Amino acid sequence: MDEVIIVGGGLAGLAAAHEATKRGRRVVLIDQEGPQSLGGQAFWSLGGLFMIDTPEQRRMGIRDSRELAEVDWMGSAQFDRPEDENPRKCAQAYLDFAAGPMRSYLYDIGLRWFPIVGWAERGGSYANGHGNSVPRFHVTWGTGTGVVAPFVKLAKEAEAAGLLRFAHRHKVTSLEVTNGRASGVKGDILADDDAVRGASTNREVVGQFEFSGESVIVTSGGIGGDHDKVRALWPTDRLGPAPKKMVAGVPDYVDGQMQQAAKEAGAGAINEDRMWHYTEGLENWDPIWPKHGIRILPGPSSMWFDANGDRMEAPCLPGFDTLGTLKRILSTGHEHSWFVLTQKIIEKEFALSGSEQNPDLTNATWAGVLKERLGKGATRAVEAFKEHGADFVVADDFDTLVEGMNKITPDVPVDGAKLRVQIEARDSQLENEFAKDAQIIAIRQARAYRGDKLIRTAKPHAILDRKNGPLIAVRLNILTRKSLGGLHTNVQGQVLRPDGTVFEGLYAAGEVAGFGGGGYHGYNALEGSFLGGCIFSGRAAGQEA
């Protein structure tokens, strides 16, 4: 009998395994995918971590504090339900972790960070509202692969020491309960499959399994790969109608089946209508999984228009308010929007989410970073999307640009004359140092931060001036990504039953638990808190189970 059973080989599961084996506990780590997928979704990420008052921030002239971060977090979370008690406690505990031992804990196991701290999810409304007041997005050297690798190494060491064993291609179908306590799992053994990481694998059943243990930790992730489940839980009253077309930011095995098995065994779940989907999704021209989408991480300068060709108002600016912008886009009755920009903007401001889209950062070489980020042109990944991507239009003149946009979306054409008037008005704001245009003001503020000025924000310039061209338009799609609710836990990671009592022997961590408590983000995420939440909640569960 294994003392601790962990279901899910992603970052949260690996963090839990590390803490449990550190205590001398014997662990079996179960995952329905093969060994090539160890690390789960975290492997594909940009590797950003939300940390507070770090040496990296101080070197960039950023003054941060636990108190300021709490104002930002709570203003974004907007907790307003009785069941938010544990999510709020988990949020407070994460802030303590992120402002305290988090960096040294990760540094000691091998993580390092890019020296320029990113300013993600900037908000743009009120000081006590949504958004990060200061840059807090710490990109890990090695991106998501660099976050996962030290935890994989620790798991392999625990395996060599006889404390951990892997059960790959084991799909849990039910949670076993004895006298009210989680006592094990049952499921199907799947046929081996050597498909590349992230690609769809077979579901051929070649046997059954049953494992017993003193504790079970569920770290099986969210539901973003199952768009029907996303639509079924979609908060229409808050965000508008669920999109009929979405691109997938996660592989199709991210399907929520283990969360459902836990609920069927008696686990409680809360805040399942809270979710986090991006508005800047691209159809991947070289997909790995079904409907594979890539997110643009934009700088602040691209002009953003809805499907009808109306410029979106603040705070619906690039990189400011994800869910506010999602609601604004869907209010048109359509599901896409447009960036209009120049070659100068794309060269400085377009980054693509994902370890595979950022080989310079993933390989952690300064020579690569300097060549990709400060050399001529956009990064190779961005230029490849510009050349091959179905969502890109590139033109030397404005009329040809509009013609190309309408060729992509013939059912919802934009009016070129209306579009031109709005761009000309924006360009007129550059004639002196004063402006009333919220986006121009935001661009100038961004360039006051030397990190943004160096690698993330283009010098303000007229979009319709040919010397800044060619002109570029990008159709943006809704990209599924994260569940913000899930299995209801306390701060220790113990799963609660629907009546609020502890489900003995059952723990949960990572996205399946809303990254802690059943939704420690509340309604809005501040970025870097997904990977950070997996580590935080996985660590807590592994210390207790």
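Owing to the predicted nature of the structure, the values given are computational and were not obtained by experimental measurement. All heavy atoms count here, side chains included; hydrogens, waters and symmetry mates do not.
For the pair T279 (side chain) and L326 (backbone), a donor-acceptor distance under 3.5 Å is absent. Within the 3.5 Å criterion, the main-chain N or O of A12 finds no donor-acceptor partner in the side chain of T219. For T489 (side chain) and G516 (main-chain N/O), no donor-acceptor pair under 3.5 Å exists by modelled atom type. At distances below 3.5 Å, at least one donor-acceptor pair connects side-chain atoms of N202 with backbone N or O atoms of D192. A donor-acceptor pair under 3.5 Å is absent between the side-chain atoms of W113 and the main chain of G48, judged by distance alone. Checking side-chain atoms of D273 against main-chain N and O of P235 turns up no donor-acceptor pair under 3.5 Å. At distances below 3.5 Å, not a single donor-acceptor pair connects side-chain atoms of D188 with backbone N or O atoms of L190.
Considering CG of L95 and SG of C90, their distance stands at 11.0 Å, rounded to 0.5 Å.
A side-chain N or O of Q92 and one of E70 form a donor-acceptor pair less than 3.5 Å apart. One side chain, H488 or N86, offers a donor N or O that lies under 3.5 Å from an acceptor on the other. For the 3.5 Å distance criterion, the side chains of T201 and E33 qualify, holding a donor opposite an acceptor. Side-chain atoms of Q257 and D255 include a donor-acceptor pair closer than 3.5 Å. A side-chain donor-acceptor contact under 3.5 Å links E121 and T322.
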- Message: Run the salt bridge (Lys or Arg N to Asp or Glu O under 4.0 Å) test on R23 and E19 for me, step by step, so that the C-alpha distance in whole Å, both residues' side-chain angles and the decisive distance to 0.1 Å come before the verdict.
- Response: CA-CA 7 Å; R23 296 163 51 221; E19 291 297 327; over 6 Å; no
- Task: Begin with the C-alpha distance, continue with both residues' side-chain angles, and end with the deciding distance and a verdict on side-chain contact (heavy atoms from CB on, under 4.5 Å) for V247 and L282.
- Result: CA-CA 7 Å; V247 292; L282 304 173; over 6 Å; no
- Could you walk me through whether Y107 and R112 pass the side-chain contact (heavy atoms from CB on, under 4.5 Å) test, one step at a time? CA-CA 6 Å; Y107 188 94; R112 299 293 184 269; 3.3 Å; yes
- Task: Walk me through it: do K263 and E272 pass the test salt bridge (Lys or Arg N to Asp or Glu O under 4.0 Å)?
- Result: CA-CA 12 Å; K263 289 162 63 176; E272 292 180 281; 3.0 Å; yes
- Task: Take E527 and R295 through the salt bridge (Lys or Arg N to Asp or Glu O under 4.0 Å) test and state the conclusion after the steps.
- Result: CA-CA 13 Å; E527 299 293 2; R295 184 199 173 200; 3.8 Å; yes
- Begin from the C-alpha positions of R274 and D80 and carry the test salt bridge (Lys or Arg N to Asp or Glu O under 4.0 Å) through to its verdict. CA-CA 12 Å; R274 294 178 181 168; D80 61 358; 3.3 Å; yes
- Item | Residue pair F114, W141: steps toward the ring-ring contact (aromatic ring centres under 6.0 Å, His included) verdict | CA-CA 6 Å; F114 187 60; W141 271 118; 5.7 Å; yes
- side-chain contact (heavy atoms from CB on, under 4.5 Å) evaluation trace for Q57 with R136: CA-CA 7 Å; Q57 286 176 300; R136 296 191 176 103; 3.6 Å; yes
- Message: Checking H168 against Q36 for the side chain to side chain donor-acceptor pair (under 3.5 Å) test, could you report, in this order, the C-alpha distance in whole Å, the side-chain angles of both residues, the deciding distance, and whether it holds?
- Response: CA-CA 10 Å; H168 294 293; Q36 70 270 33; over 6 Å; no
- Task: Go through the steps for I6 and I30 under the test side-chain contact (heavy atoms from CB on, under 4.5 Å), then give the verdict.
- Result: CA-CA 6 Å; I6 300 176; I30 305 171; over 6 Å; no
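None of R238, H130, M275 except one satisfies the side-chain contact (heavy atoms from CB on, under 4.5 Å) rule with Y523; the exception is R238. None of L111, T54, L106 except one satisfies the side-chain contact (heavy atoms from CB on, under 4.5 Å) rule with H138; the exception is T54. Screening R58, R66, R63 against D53 for a side chain to side chain donor-acceptor pair (under 3.5 Å) leaves a single residue, R58.
The side-chain tip of R88 does not point at the ring of Y520 from less than 6.0 angstrom away and within 45° of straight on. A cation-pi contact links R197 to F43, judged by a cut-off of 6.0 Å to the six-membered ring centre and 45° from its axis. A cation-pi arrangement, defined by a distance under 6.0 Å to the six-membered ring centre and an angle within 45 degrees of its axis, is absent between R328 and F320.
The nearest pair of heavy atoms linking Q357 to N284 is NE2-ND2, 4.3 Å. Closest approach of L163 to T21, counting heavy atoms only: CD1-O, 3.6 Å. Counting all heavy atoms, side chain and backbone alike, A16 lies closest to I217 at CB-CD1, 4.1 Å. Smallest separation of non-hydrogen atoms from V491 and K89: CG2-CB, 3.7 Å. Considering all non-hydrogen atoms of both residues, R25 and S215 come closest at NH2-OG, 4.3 Å. Heavy-atom minimum distance, A69 versus F50: CB-CZ, 4.5 Å.
Relative ring orientation between F151 and H18 is described as perpendicular, the plane-to-plane angle rising above 60° on a 0-90° scale split at 30° and 60°. Below 30°, between 30° and 60°, or above 60°: for W276 and Y278 the angle between ring planes is above 60°, a perpendicular geometry. Ring geometry, F536 versus F97: the interplanar angle falls from 30° to 60°, so the pair is classed tilted. The aromatic rings of W73 and H521 lie parallel to each other, with less than 30° between the two planes, well short of the 60° mark.
The closest side-chain heavy-atom distance from W304 to L476 is below 4.5 Å. Side-chain contact between S45 and L11: absent, with no pair of heavy atoms (C-beta onward) separated by less than 4.5 Å. With contacts defined as side-chain heavy-atom distances shorter than 4.5 Å, the pair V250/R481 qualifies. Looking only at side-chain heavy atoms (C-beta outward), S483 and K229 stay at 4.5 Å or farther from each other.
Counting non-hydrogen atoms of neighbouring residues, nucleotides and ligands closer than 6.0 angstrom, the NZ atom of K22 exceeds 12 such neighbours.
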